Amino acid sequence: MINKLLVANRGEIARRVFATCRALGVATVAVHSDADADAPFVADADQAVRLPGNTPAETYLRIDAILDAARRSGADAVHPGYGFLAENAEFAAAVTDAGLTWVGPSAKAIAAMGDKMAAKAMLADAGVPMLPTWTDPAEVTAFPVLVKAAAGGGGRGMRIVRDAAGLAEAVAGARREAAAAFGDGTVFIERYVERGRHVEVQIFGDTHGTVVALGVRDCSIQRRHQKIVEEAPGVLPDDVRAELHEAAVAAGRAVDYVGAGTVEFLLAPDGQVHFLEMNTRLQVEHPVTELTTGLDLVRLQLLVAEGEPLPVTTTPPADGHAIEVRLCAEDPAQGFRPATGTLHRFAIPGVAAEFGPARGLRLDSGVVDGSTVSVHYDSMLAKLVAWAPTRTEAARALAGALARAELHGVATNRDLLVRVLRSAEFTAVDLDTGFLDRHPEVFAPLLPAEQLPVAALAAALSGAAERRAAAPVLAGLPSGWRNVPSFPQVTRFTVGDGEEIEVHYRLDRTGGLAEWGRKGPLLTDPVEEGSSVNTELPVVELVTATPGRVVLDVDGVRRAFRVHRAGSSVCVDGPDGAASLTELPRLPLPTAELAAGSLLAPLPGAVTRVHVEVGQRVAAGDLLLTLEAMKLEHPVLAPADGVVTELPVPAGGQVETGAVLAVVDPEEDPQ
């Protein structure tokens, strides 16, 4: 019997495992890096052991340090979570050799499926259809192809290559990214199927010979080869579902599988099923299976690890429909690059349960208000899952909760997720792994550009209310009020990628909005010099304004805005979307001017490769250098034709956000 469980992982997966342990009466131990010392998962555990350092290689990938933590804390079992060492056969063997209970499949099964080429060969012999696969780039005979990491998943190390010219660099980049994420840079190459659906079967095995399929999930909505929307049950013909169940169970039986596993397939447009890989761990998207089967998969993992038989031996019927989204810290203004910073507010309305069964909304989150999103780990903040009797209801409820969420301080992919869930194509189950490539419209922000001025006005009025509330004298007077109207109040913000917007407003003696206007981007016609009113803007009346809530009547429609401030950052959540603004000081201090053509680091990281030299002429779009951050490689490209005049950071150099990586001067003459 397991009495004390150490979870060799972090974030929401550690919190998820701890939640089941609490329900079962199992004591828990967390391990944490220095960067994670104050993280919610550490607070959730009964005990915690520090792993000195920050990077995964220093902490969560150190088998010796984790085993030492188990010994020091008195843990008698280890759960690997997912990612990091979850599919490391050496780790599984080391845990078992140390006399501890390993919550997962055997080291032999992990090794068999972890060698993805050998796994493909084994299952091909069993009659499972496979895609053409190569280990040597020189042997590739047809394009397009997909370069994939041999160890691990989550899209790390994947590259689509459409012609031979780009293959060598794609393989090299995939190797570097896989080595950083999994400690193993081995890659292979697979035929890429256009418009294929990514579907997977959750299987479970026990030590008594039972292997059962628990249903099919559809994970086709992907960006950068990472799943962002998953659902169960996958909408499929019955015969295809049966074929997937049969193939997945056969894969599990081939390696005497014990524990939770996922067998992944590619469903081609012609209906052909192709095996992709088997993940020998609990998946990120396991909640959708839990909500549609009523099973706690972590509980089943613990029972099986203790030698108990599975309580289910046949595929349970699906009850309703569940859809999950991965809410990530990513900046849409920077091409959805991972974002870092402090999450000032994280609030999602209507959540029925966290980390457990729910009829309605379920939240599995690794963050809370005040959490720091670090550069050292991946960008996922939380998983939000909706269960409903039908798929349409689940999608609508999930989109509505996301749209109303307050996510402040760190940019996220929330708007993208909402637009995907509300799209006609998603509703019609017109899905495949190229969905986002075909539908660029879903990348538009929820808040329409023409409504940004009203959101900025709400932010300005909230600030005025806050200042009046804190005024030591005459606090009851409207902000900026004078007996004789003169100049309006002015508040300046930056929005998006740094564009400035200036809000003008004047209040009358009753505190009502006498007039308003703005200057900045998105104006059809510029404001006339000296005027504070832009006639293109809607007619707005102020209903009420407090520091946290502003209600405006906009063209006869009353709208409430929630306003939250953290320093100069102002977040406005309204009925049509959210706006993130940065309030500028009224009297800004002078700052150093950057050289024209300066390319700045979008987030902290390490320069892994420099591809050009000072004095070299480059064309727009040429690769200058590669920045590695949050387990991903980020190419830095020339913004225009010109000459490289500065490369201040060498390969291997660490940089902070805003550091100059390169300078490309379009005017420079190399002669």
Side-chain angles (χ1 to χ4, degrees), residues 33-35 52-59 61 147 149 156-157 159 165-187 224 331 334-341 373-379 497-498 591-671:
S33 66
D34 291 335
N54 285 316
T55 68
E58 295 172 324
T59 55
L61 292 175
V147 182
R156 310 298 187 198
R159 303 284 196 283
L167 185 57
E169 177 57 34
V171 169
R175 284 173 176 160
R176 291 192 300 271
E177 194 169 289
F182 312 117
D184 184 343
T186 306
V187 300
R224 292 198 292 256
D331 189 351
Q334 298 291 330
F336 288 87
R337 287 173 175 160
T340 59
V373 181
S374 167
V375 70
H376 300 293
Y377 313 112
D378 67 46
S379 62
D497 57 1
T591 57
E593 185 176 351
L594 293 172
S598 294
L599 301 176
L600 309 182
L603 67 168
V607 174
T608 54
R609 298 183 70 192
V610 179
H611 301 269
V612 294
E613 299 177 347
V614 172
Q616 181 175 335
R617 178 165 286 280
V618 295
D622 282 356
L623 179 63
L624 305 180
L625 51 90
T626 304
L627 181 71
E628 180 187 293
M630 300 179 85
K631 297 186 181 180
L632 294 174
E633 285 197 337
H634 307 274
V636 178
L637 309 177
D641 296 352
V643 173
V644 179
T645 58
E646 294 183 39
L647 289 168
V649 186
Q654 297 283 332
V655 296
E656 295 298 324
T657 301
V660 177
L661 299 174
V663 178
V664 177
D665 188 344
E667 305 299 328
E668 183 76 16
D669 186 346
Q671 304 302 323

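Note that the numbering runs from 1 along the sequence shown for the chain. From a predicted model like this one, the values you see are computed outputs, not experimental measurements.
- Once rounded to the nearest 0.5 Å, the distance linking CG of Leu661 with CG of Leu600 reads 7.0 Å.
- In terms of heavy-atom proximity, Ala638 sits nearest to Val618 at CB-CG2, 3.9 Å.
- Note: His611 NE2 to Thr626 OG1 = 3.0 Å, rounded to the nearest 0.5 Å.
- Side-chain atoms of Asp665 never come within 3.5 Å of backbone atoms of Val643 as a donor-acceptor pair (strictly under, hydrogens ignored).
- A salt bridge between Arg176 and Glu169 is present, with a side-chain N of the basic residue lying under 4.0 Å from a carboxylate O of the acidic one.
- Counting only distance, with no hydrogens or angles, the side chain of Asp34 and the backbone of Gly53 share a donor-acceptor pair below 3.5 Å.
- Of all the heavy atoms in Pro338 and Ser379, the pair that sits closest is CB-CB, 4.1 Å.
- For the atom pair CG (Asn54) and OH (Tyr377), the distance works out to 5.5 Å, reported to the nearest 0.5 Å.
- Here Arg224 contributes atom CZ and Arg337 contributes atom CZ; the two are 9.5 Å apart, rounded to the nearest 0.5 Å.
- Nearest heavy-atom pair across Ala662 and Leu624 is CB-CD1, 4.3 Å.
- Here the closest heavy-atom approach between residue Thr645 and residue Val614 is recorded as O-CG1, 3.6 Å.
- Counting only heavy atoms from C-beta outward, the side chains of Val147 and Leu167 approach each other to under 4.5 Å.
- Here the shortest heavy-atom pairing between Thr59 and Ser33 reads CG2-CB, 3.6 Å.
- Atoms CG and CD, on Asp622 and Gln616 in that order, are 8.0 Å from each other to the nearest 0.5 Å.
- Pairing each heavy atom of Gln654 with each of Ala606, the nearest pair is NE2-CB, 3.4 Å.
- Among the candidates Val612, Val636, Leu637, the single residue satisfying the side-chain contact (heavy atoms from CB on, under 4.5 Å) test with Leu623 is Leu637.
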